[in-house]
Amino acid sequence: MGEPKNIDGLTELDIEAELARFEAEERAKLGLETAPKEHWVDEMTTPNFTASQRKKTTLLVGGLTLAQDYLIEGALKGIGYEVRALTEADETALRFGKEYGNRGQCNPTYFTVGNLVKELCRLRDQEGLTSEEVVERYAFLTAGACGPCRFGMYVTEYRKALRDAGFDGFRVLLFQQTGGFKQATGEELGLVLNPNFFITVGKAIFTGDVINLMGYRLRPYEVEPGSVDEAIEAVKKDVYESLQNGKSVYAALWRGRKRLEAVKIDRMKAKPKVAVIGEFWAMTTEGDGNYHLQRFLEQEGAEVGIQVLAATLLYNLWEFRHDTTARLELRGADQSKFGLAGSDAGLTLGGLYFAELALRMWWQSYAKILGLTGFVLPDMDEVARAGHSHYNVELRGGEGHLEVAKLILNVVKQKAHMTVSVKPFGCMPSSGVSDGVQSVITELYPEAIFCPVETSGDGAVNFYSRVQMYLFKARQRAREEFDKTLADEGVTEAQLRAFLESPAGERFASNLRVPPHVSAGTTTDLIREIAPYAKANGALGRAKVRATVTAKSAKKWVEKDGKRWLNFGKEMSPYLPAIARFVGKELVEQVEQKAPSVTKAWTRVFDRATKLSAEEEAQVRAAEIAAATAPIPTEKKKPQGLPVVA
């Protein structure tokens with residue numbers, strides 16, 4: 001550094017140079033190295049998994065509910081893949097995640113990343129495979145997405161932790177939630193994302209949804225403890241074998257319905273209904289990641305309302321439809337990734353409406369066969385309207401506006417006595433944004449019992465204590481609701497129990513029957529349904545009651561469900577001509593090609609929608625060449641054995 005400049009008698013220092021000099025002196029005192037640091041770079045962005053490797057590579061899957069992970073294993077085995085579902089993420093997985101993961105990650109990252117590393121270490125340390133054999137014989141299949149929260153970095157976290165655990169080069173296969181259906185051509189792919197793949201995975205996910213819902217619906221009211229779990233396990237095993245062997249899933253669900261019908265339940269119990277919402281993984285997992293929240297609530301005497309994966313897919317479809325509709329207002333050419341330039345916007349919107357309709361019908365078909373009556377997938381337009389006044393629907397981090405809207409609808413429509421919002425400690429979208437808005441919602445709706453809780457992996461006592469405080473209020477409300485309903489209907493509990501045990505009340509006592517929704521509690525809904533029959537005089541009186549109830553139900557369907565479907569049809573109708581043109585064009589091409597099989601025709605349509613453009617092909621090839629010519633990183637000593645947490 002030169003001498004300080006003297007300007008008009010004042011000394012001017014070079015601040016930057018002075019700071020650099022001070023830093024150099026301090027680093028020398030501390031003995032810190034001055035050489036540039038080597039930063040880790042993810043060089044496995046395009047993992048190699050070809051068709052020739054399919055038979056000798058086992059795909060590991062995990063991250064959803066236990067039922068869905070298990071059924072996905074069977075489903076993918078049924079279409080020719082070697083698959084194994086990971087065990088439930090537990091405290092040991094958390095230790096592995098914290099040992100090998102980056103600092104400051106959220107709970108889902110530590111649990112899911114640690115669960116994979118734990119399994120690979122088990123293969124190496126207990127089954128005797130070398131690290132190289134593990135890398136060669138196994139791969140991990142997971143979903144990913146971009147966004148403001150750390151979920152967008154999951155795949156990089158997996159690869160970084162795998163390298164540090166001694167499994168550098170382990171393949172993490174990622175199909176994105178946004179734009180992940182497109183594939184590069186070239187050598188035949190090991191993971192073929194064709195219609196058969198997605199239909200097969202859809203079967204596993206949707207049957208897992210309805211099986212989970214049936215378990216949570218019946219378990220709180222079982223007469224013999226453990227009987228529902230036993231029946232549910234039998235249903236899952238039957239569906240698994242059907243998926244694995246290419247047999248009818250509907251037949252397996254029908255057999256499962258018979259098993260569930262045999263379980264004895266008693267719905268004349270005043271139980272608080274608790275809806276679980278929050279960050280996706282925290283509210284979905286059923287293990288140590290959320291301190292077994294669902295089972296804890298059941299042990300405390302609550303009926304749990306869970307969120308289903310089909311609702312998340314409906315939200316994704318709503319996002320695309322909402323954004324596409326907004327893009328119609330753009331004045332200039334829309335050349336962005338999801339732009340409408342050069343495309344038929346009507347066909348795009350029509351396809352999204354059709355996809356939503358198909359998803360709902362597909363899901364409900366499984367629900368009806370298994371006996372899951374009275375459950376309706378959420379109307380995402382209604383959800384958006386409910387939440388938008390308090391949480392802008394254009395903000396998409398985490399669950400977006402869903403958490404706020406769910407709390408409002410739970411209170412306004414009396415869907416639950418209490419709402420628990422569970423998320424990892426410091427979750428930016430849920431804790432940092434949604435919970436702040438929820439404070440306004442609880443002021444506007446003072447009757448709401450809203451319990452926000454965070455998980456950190458080591459705070460179960462505080463977590464349970466907080467939930468129990470709110471659950472005490474919910475129990476009181478459920479009991480008050482129960483007593484008030486008995487008084488309003490002019491009946492007693494003993495009178496209703498006697499009616500349910502009589503031949504006239506047999507159909508109401510069926511464990512698959514769900515009373516029409518009026519209030520938050522399942523038992524109070526049952527009281528409202530059967531009280532008129534219990535008070536009726538003889539068969540003629542009950543027939544009159546039934547006629548009145550049927551007329552009211554029909555009127556309600558017309559005013560509610562019928563109106564909803566009519567509005568859906570009106571919204572979809574402007575885009576029907578575009579769909580008709582597309583179908584007509586496809587039919588003409590099929591005739592010109594001598595009408596190949598339906599399977600081949602569908603595959604050709606799917607390939608046309610998912611095949612990369614010439615520009616995208618060029619980008620992929622450039623990335624492959626860059627990866628192939630990149631310098632090989634220097635070999636580093638790989639840690640062995642189990643991690644030790646200080």
Is it the case that the ring center of Y366 lies less than 6.0 angstrom away from the ring center of F206? no
Do any N or O atoms from the side chain of R497 and from the backbone of M268 form a donor-acceptor pair under 3.5 angstrom? yes
At their closest point, which heavy atom of P452 faces which heavy atom of R466, and how far apart are they? O-NE, 2.8 Å
Atom CG in L370, atom CE in M214: separation rounded to 0.5 Å? 5.0 Å
Look at D488 together with R528 and state whether they make a salt bridge at an N to O cut-off of under 4.0 Å. no
Can you label the angle between the Y464 ring and the Y291 ring as parallel, tilted or perpendicular, going by 30° and 60°? perpendicular
Residue of the set H417, R475, M418 for which side chain to side chain contact (heavy atoms under 4.5 Å, CB included) holds with Y470: M418
Are F508 and F499 close enough that some pair of their side-chain heavy atoms sits under 4.5 Å apart? yes
Begin with the C-alpha distance, continue with both residues' side-chain angles, and end with the deciding distance and a verdict on side chain to side chain contact (heavy atoms under 4.5 Å, CB included) for L293 and F463. CA-CA 9 Å; L293 173 62; F463 182 93; 3.8 Å; yes
Inspect the contact between K273 and D525 and indicate whether a charged nitrogen and a carboxylate oxygen are less than 4.0 angstrom apart. no
Is any side-chain heavy atom of Y221 less than 4.5 Å from a side-chain heavy atom of V228? no
Quick check with a 6.0 Å cut-off and a 45 degree axis cone: is K237 positioned over the face of Y240's six-membered ring? no
Note: L512 and T373 closest approach over all heavy atoms is O-OG1, 3.1 Å
Modelled atom types, side-chain donor and acceptor of S421 and E403, under 3.5 Å: yes
Taking side chain as C-beta onward, heavy atoms only, is L349 less than 4.5 Å from L328? yes
Given the side-chain rings of Y315 and H322, with only the six-membered ring counted for Trp, is the space between their centroids under 6.0 Å? no
Is the backbone of V263 close enough, under 3.5 Å, to the side chain of N511 for a donor and an acceptor to pair up by distance? yes
Within-4.5 Å side-chain heavy-atom neighbours: L71 and I211: yes
Identify, with sequence neighbours excluded, every residue that meets side chain to side chain donor-acceptor pair (under 3.5 Å) alongside E230. none
Taking every heavy atom of K271 against every heavy atom of P220, the minimum-distance pair comes out as CE-O, 2.8 Å
From S389 atom OG to I408 atom CD1, the distance as rounded to the nearest 0.5 Å: 7.5 Å
Within this structure, what is the CD-CZ distance for the pair E571 and R321, rounded to the nearest 0.5 Å? 6.0 Å
Quick check: are there more than 12 heavy atoms from other residues, nucleotides or ligands sitting under 6.0 Å from CD of E447? yes
NZ/NE/NH1/NH2 to OD/OE distance under 4.0 Å, R385 and D381: no
Steps toward side chain to side chain contact (heavy atoms under 4.5 Å, CB included) verdict (V308, L377): CA-CA 9 Å; V308 295; L377 291 171; 3.9 Å; yes
Any sub-3.5 Å donor-acceptor pair from E286's side-chain atoms to L66's backbone N or O? yes
W318 and H401 aromatic ring geometry - parallel, tilted or perpendicular at 30°/60° bounds: perpendicular
K413 NZ to S519 OG distance, which is reported to the nearest 0.5 Å: 15.0 Å
Check against side chain to side chain contact (heavy atoms under 4.5 Å, CB included), E529 and V549: CA-CA 9 Å; E529 182 184 31; V549 170; over 6 Å; no
Closer than 3.5 angstrom, by distance alone: can the side chain of E279 be matched with the main-chain N or O of A282 as a donor-acceptor pair? yes
When you compare the side chain of V411 with that of F450, does any pair of heavy atoms fall below 4.5 Å? no
Distance-only, no hydrogens or angles: does the N290 side chain make a donor-acceptor pair with backbone N or O of T285 under 3.5 Å? yes
Quick check: closest heavy atoms across K406 and E399, and the distance to 0.1 Å? NZ-OE1, 3.7 Å
Does CE in M469 sit with more than 12 non-hydrogen atoms of other residues, nucleotides or ligands closer than 6.0 Å? yes
Short side-chain to backbone donor-acceptor contact, T284 and L64, under 3.5 Å: no
Salt bridge present between R477 and E480 (N-O < 4.0 angstrom): no
Side chains of D209 and Q68: do they bring a donor and an acceptor to under 3.5 Å? yes
Assess whether atom CD of E241 is packed by more than 12 heavy atoms of other residues, nucleotides or ligands within 6.0 Å. yes
Side chain to side chain donor-acceptor pair (under 3.5 Å) between T324 and T348: does it pass, once the steps are laid out? CA-CA 8 Å; T324 301; T348 300; over 6 Å; no
When rounded to the nearest 0.5 Å, the distance separating NZ of K368 from CE of M361 is 12.0 Å
Locate the shortest heavy-atom distance separating N212 from A67; write the atom from each residue and the value. OD1-CB, 3.5 Å
Whether the side chain of S365 engages the backbone of W362 through a donor-acceptor N/O pair (distance < 3.5 Å, no angle test) should be reported. yes
Run the numbers on M380 and L317 for side chain to side chain contact (heavy atoms under 4.5 Å, CB included), then give the verdict. CA-CA 9 Å; M380 285 301 163; L317 288 173; over 6 Å; no
Are the side chain of E489 and the backbone N or O of I527 linked by a donor-acceptor pair below 3.5 Å? no
Report yes if the side chains of K203 and T200 come closer than 4.5 Å at any heavy-atom pair, otherwise no. no
To the nearest 0.5 Å, tell me how far L402 CG sits from Q307 CD. 8.5 Å
Using the six-membered ring of Y533, assess whether NZ or CZ of R546 lies under 6.0 Å from its centre and within 45 degrees of the ring axis. no
Are I441 and Y391 close enough that some pair of their side-chain heavy atoms sits under 4.5 Å apart? no
For A204 and A75 the tightest heavy-atom approach is CB-CB, 4.0 Å
Check whether any side-chain N or O of D69 sits under 3.5 Å from a backbone N or O of G63 as a donor-acceptor pair, and report yes or no. yes
Check: R267 main-chain N/O paired with T523 side-chain donor or acceptor under 3.5 Å: yes
Decide yes or no for L218 and I232: does some side-chain heavy atom of the first lie under 4.5 Å from some side-chain heavy atom of the second? no
